[in-house]
Amino acid sequence: MKKILSISTKSRPELIDITEKVRSAVSASSIKEGLCCIYVPHTTAGVTINEGADPSVKLDILASLNKLVPFDGDYHHGEGNSAAHIKATLVGTSAICLIEDGKPALGTWQAIFFCEFDGPRTRNITIKIV
Ligand code: ZN
């Protein structure tokens with residue numbers, strides 16, 4: 001089963017918690033045991049699984065990525081968004097979680113985050129459940 005989520009981001013860099021949307025997709029699939037792949041078909045966005053309980057964690061992740069890869073730098077790419085491409089490569093474009101008892105088997109503190117690095121834009125996220 002495949003589902004495409006469309007989301008509108010609001011900031012240039014932004015982490016958006018999509019855990020509930022993934023849970024809904026898994027639930028709608030009726031698959032009790034399997035794999036859920038969350039795939040981002042963009043070159044300046046990604047996906048990661050990390051702590052969702054304390055909202056300051058995502059702020060620290062974004063701030064640290066910005067420190068590591070500043071928006072302005074001595075980049076070659078003429079579009080002016082090299083930092084976003086590099087950050088997308090660092091976090092990756094896919095995440096996989098196990099499905100157990102019809103639910104994503106996430107750890108207690110884990111959440112699934114869509115990572116926008118060149119917003120605001122409308123983005124697609126492909127969820128494949130097998
Ligand atoms: Zn570019």
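Whatever order the structure lists them in is the order used to number ligands and atoms, beginning at 1.
- Not counting sequence neighbours, His42 has no partner by the ring-ring contact (aromatic ring centres under 6.0 Å, His included) test.
- Counting only protein N, O or S atoms, the number found under 2.8 Å from the Zn ion (ligand 1) is 4.
- Here the shortest heavy-atom pairing between Phe117 and Phe71 reads O-CE2, 4.3 Å.
- Evaluated for a side-chain contact (heavy atoms from CB on, under 4.5 Å) with Ile125, the options Val47, Ile18, Val22 yield exactly one hit, Ile18.
- When all heavy atoms of Tyr39 and Ser94 are compared, the pair lying nearest together is CD1-CB, 3.9 Å.
- Thr48 and Asn50 are not linked by any side-chain donor-acceptor pair at a separation below 3.5 angstrom, with hydrogens and angles left out of the test.
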What's the verdict on side chain to side chain donor-acceptor pair (under 3.5 Å) for Thr44 and Arg123, showing C-alpha distance, side-chain angles and the deciding distance?
-> CA-CA 10 Å; Thr44 55; Arg123 301 290 203 171; 2.9 Å; yes

